[in-house]
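This report refers to the structure that appears directly beneath it.
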Amino acid sequence: QVQVVESGGGLVQAGGSLGLSCTASGSIFSMHAMGWYRQAPGKARELVARITSAGMPNYVDFVKGRFTISRDNAKNTVYLQMNSLKPEDTAVYFCVQYESGWFTGPGDYWGQGTQVTVSS
């Protein structure tokens with residue numbers, strides 16, 4: 001039913017930029033908040049950025065000023081533009097469609113993740 005698919009990951013040097021895309025199908029996309037999370041090896045998954053159904057963004061402190069989350073409801077797509085990348089940004093980046101609100105729960109739909117590797 002609901003499918004969430006990320007794309008755009010890859011290898012980039014420190015200080016570089018990378019843009020991620022996430023497309024969700026099988027739902028009324030415009031009704032749901034969307035989020036980006038990441039998980040580094042040996043670490044728990046952590047929030048990166050979120051955006052409401054109306055397009056209001058929210059960021060964690062360690063990406064403010066570097067990352068931008070946006071959405072295009074006509075394309076059922078959420079974007080994460082990452083600038084000034086650091087080696088510590090290396091992780092698998094996941095996209096989530098929240099069931100309601102913008103906190104994770106059992107009704108959410110997650111993508112398979114896309115690898116972002118930042119070299120020094």
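Along the sequence shown, the residues carry numbers beginning at 1.
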**OP:** Run the numbers on Lys64 and Asp61 for salt bridge (Lys or Arg N to Asp or Glu O under 4.0 Å), then give the verdict.
**Re:** CA-CA 5 Å; Lys64 283 185 177 179; Asp61 286 343; 3.5 Å; yes
**OP:** Just do the side chain to side chain contact (heavy atoms under 4.5 Å, CB included) check on Val78 and Ile69 with the steps written out, would you?
**Re:** CA-CA 7 Å; Val78 172; Ile69 187 170; 3.9 Å; yes
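Cluster partners of Val5: none. The rule joins Ile, Leu, Val, Met, Phe, Trp and Tyr whenever side-chain heavy atoms lie under 4.5 Å apart, and it links nothing here. Chaining together hydrophobic side chains whose heavy atoms lie under 4.5 Å apart places Met31 alongside Ile28.
The side chain to side chain donor-acceptor pair (under 3.5 Å) with Arg38 is formed by just one residue from the set Thr114, Thr90, Asp89; it is Asp89.
The distance from the CG atom of Asn76 to the CZ atom of Arg71 is 9.0 Å, given to the nearest 0.5 Å. Residue Arg66 holds its CZ atom at 9.0 Å from CG of Asn83, rounded to the nearest 0.5 Å.
Dense packing is recorded around CD of Glu46, with more than 12 heavy atoms of other residues, nucleotides or ligands lying under 6.0 Å away.
The closest donor-acceptor contact from the side chain of Gln97 to the backbone of Tyr109 lies at 3.5 Å or more, if one exists at all. Checking side-chain atoms of Glu6 against main-chain N and O of Cys22 turns up no donor-acceptor pair under 3.5 Å.
Minimum heavy-atom separation, Val63 to Val48: CG2-O, 3.6 Å. Taking both residues in full, the closest heavy atoms of Ser30 and Asn73 are given as CB-ND2, 3.7 Å, listed atom of the first, atom of the second, then distance.
The list of ring-ring contact (aromatic ring centres under 6.0 Å, His included) pairs with a residue in residues 48-107, not counting sequence neighbours, is empty. Residue pairs meeting the ring-ring contact (aromatic ring centres under 6.0 Å, His included) criterion with at least one partner in residues 13-55, sequence neighbours excluded, are Tyr37-Trp110.
In this view, Gln39 satisfies the side-chain hydrogen bond (donor to acceptor under 3.5 Å, both in side chains) rule with no residue, not counting sequence neighbours. Checked against salt bridge (charged side-chain N to carboxylate O under 4.0 Å, His left out), Lys43 has no partners two or more places apart in sequence or in another chain.
Counting only N and O atoms by type, the side chains of Thr23 and Thr77 include a donor and acceptor under 3.5 Å apart.
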